[in-house]
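Written below as structure tokens is the structure these notes are about.
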Number of protein chains: 2
Amino acid sequence: MSLACATCPVRDRAACSVLSDEEREDLSQRGRHRTLEPGEVLFHAGEKVTACATLTSGALKVSTTDAEGRERILALVHPAGFVGEFFQPFDDHEVVALAPSEVCLFAGEDIETAMSEHPALGRALLRRTQEDLHASRTLLALTGKPDAQARVAGLILGFAQAASDSPCHPAQEFDLPLSRAECANMLGLTIETVSRKITALEKSGAIRRHGKRGIELVDPARLSLMAEV
Amino acid sequence: MSLACATCPVRDRAACSVLSDEEREDLSQRGRHRTLEPGEVLFHAGEKVTACATLTSGALKVSTTDAEGRERILALVHPAGFVGEFFQPFDDHEVVALAPSEVCLFAGEDIETAMSEHPALGRALLRRTQEDLHASRTLLALTGKPDAQARVAGLILGFAQAASDSPCHPAQEFDLPLSRAECANMLGLTIETVSRKITALEKSGAIRRHGKRGIELVDPARLSLMAEV
DNA sequence: CGCTGTTTTGACGTCCATCAAACACCGTGG
DNA sequence: CCACGGTGTTTGATGGACGTCAAAACAGCG
């Protein structure tokens, strides 16, 4: 196989998991594997190619840069997630690796033909896209909060959920996947405000910090309370 | 037919347009038509039913209400648009009519079986969902602008695009689909700020107001300039 | 040890939210 | 026809929260 599906860490969670082994083998012929270093760009903004990818390990961010050069993070992609828009030709979003990452890369047309040959794949991608849409709207609701404290608390809670394996309970200790600048870009705040609010959360006793990115949830209830102000 | 597909105003733009007449007839047996008054709720927040709908005329909003009772508008739905999430059971979003509207309503399971019988439908829905995702991220980028003036200008530009039939050129004169309060909820601002910024735009000569909701673009270039501050 | 990049903390100014009141619009009923 | 409330919009005055500028603390690394 051109792609190591057999040993793929997300083989039963990614969109392609709905395929049989033969179908998957068929699809893997058309794709290619790629490794990304932190900061490396998978899709550039404005490029017209219709391509897409499944993240097998690491983490990606989807971002856009406005006229004044401010970056805005629109979404994070976790392993088994999917990025790329193959219908409309060009996209002003950029996809960049946050951590050392590995992806399965496909041309848009290949995915389209694969979808017509294997209808289950289309349904799986639809489901993933609906989840992405839901996540995007959740982030929209979060960034709409008038209070910066609530936004930061909500972001940390979201990261805690994502870092946990169990779907409902947040992880009790984890690392922030983003730098302060990236947190700020995600929430529509400045670096300084994010930093201040995090220290305020620590002083209030809701969390504790370990190093620059380590977060420990000492009082999750208080944290979610602060997220709702 | 239980649904008047033959005279449907969006019969060649909605997701179901990819179906043949017979397939469409088949699907229409499972759906039902519904009329909505302004303010009437199509899907309540928190309800567990998995249903979905295509908007045939009018306009809808997708919104959520946080713990303090603040409404946040997450998306607008235009004719031929699609709403509803049929995979994950429950949703904290609410779908409400903004204007007198008509929808084709389907149970989630019916859509799922229809998709497996007619794979093209799944692809069409995937495409629509990707478009919704893109729109959501565009709104996310807009609401992230630090300056209120830029947000309001961007919103007006967006409405001008939506009101136009041609995809690239904005309409020169149109009505805001939202009240001031709804604009504010969409942008994460207050009613007063939205009002002030609109009058500021008028004083700057970028737009002119006709009545409460009528907008005339007298200087679109200046308007898009102000959207990028 | 000195360098560079990230994070934190401080002081200050500004923009927006808040509170409050005036206004426009539109029905209803006197 | 005009007074009357009701709703949505506009405008004004004020305070607070966040952005901005600046510098210090800190960690990583040659």
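Labels below follow one simple rule: chain letters A, B, ... track the order of the sequence lines, proteins then strands, and each chain is numbered from 1. Atom set for the values below is all heavy atoms of this structure, side chains included, hydrogens, waters and symmetry mates excluded.
A straight line from CD1 of Ile198(A) to C1' of dT9(C) spans 14 Å, rounded to a whole angstrom. A straight line from CD of Glu192(A) to P of dA22(D) spans 12 Å, rounded to a whole angstrom. Residue Ile191(B) contributes atom CD1, which lies 16 Å from atom P of dA20(C) at whole-angstrom precision.
Checked against side chain to side chain contact (heavy atoms under 4.5 Å, CB included), Ala162(A) has the following partners two or more places apart in sequence or in another chain: His78(A). Every residue two or more places apart in sequence or in another chain that forms a salt bridge (Lys or Arg N to Asp or Glu O under 4.0 Å) with Arg222(B) is listed here: Asp219(B). Residues satisfying the salt bridge (Lys or Arg N to Asp or Glu O under 4.0 Å) criterion with Lys145(A), sequence neighbours excluded, are absent altogether. Every salt bridge (Lys or Arg N to Asp or Glu O under 4.0 Å) that Glu202(B) has, sequence neighbours left out, goes to Arg209(B). Contacts of Glu94(B) classified as salt bridge (Lys or Arg N to Asp or Glu O under 4.0 Å), with partners at least two apart in sequence or in another chain: none.
Over its full length, the helix from dC1(C)-dG30(D) to dC26(C)-dG5(D) turns its helical axis through 30°, comparing axes from the five pairs at each end and rounding to 10°.
Contacts classified as salt bridge (charged side-chain N to carboxylate O under 4.0 Å, His left out) and involving residues 127-144 of chain B (residues at least two apart or in different chains) are given here: Arg127(B)-Glu131(B). Among pairs with a residue in residues 177-189 of chain A, those fulfilling salt bridge (charged side-chain N to carboxylate O under 4.0 Å, His left out) read Lys61(A)-Glu182(A), at least two apart in sequence or across chains. Within the structure, salt bridge (charged side-chain N to carboxylate O under 4.0 Å, His left out) contacts touching residues 33-44 of chain A (residues at least two apart or in different chains) are Arg34(A)-Glu40(A).
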All N/O contacts under 3.5 Å from nucleotides 3-6 of chain C to the protein, with atom names and distances to one decimal?
none

Distances under 3.5 Å between nitrogen or oxygen atoms of protein and nucleotides 16-19 of chain D:
| residue | atom | partner | partner atom | Å |
| --- | --- | --- | --- | --- |
| dC18(D) | OP1 | Asp147(A) | OD1 | 3.0 |
| dC18(D) | OP1 | Ala148(A) | N | 2.7 |
| dC18(D) | OP2 | Lys197(A) | NZ | 3.3 |
| dG19(D) | OP2 | Thr190(A) | OG1 | 3.0 |
| dG19(D) | OP2 | Thr193(A) | OG1 | 2.3 |

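With hydrogens and angles ignored, the 3.5 Å screen pairs a side-chain donor or acceptor of Ser101(B) with a backbone N or O of Ala99(B).
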Expected list for residues 165-172 of chain B: side-chain donor-acceptor pairs under 3.5 angstrom, two or more places apart:
| residue | atom | partner | partner atom | Å |
| --- | --- | --- | --- | --- |
| Ser166(B) | OG | His169(B) | N | 3.2 |
| Ser166(B) | OG | His169(B) | O | 3.4 |

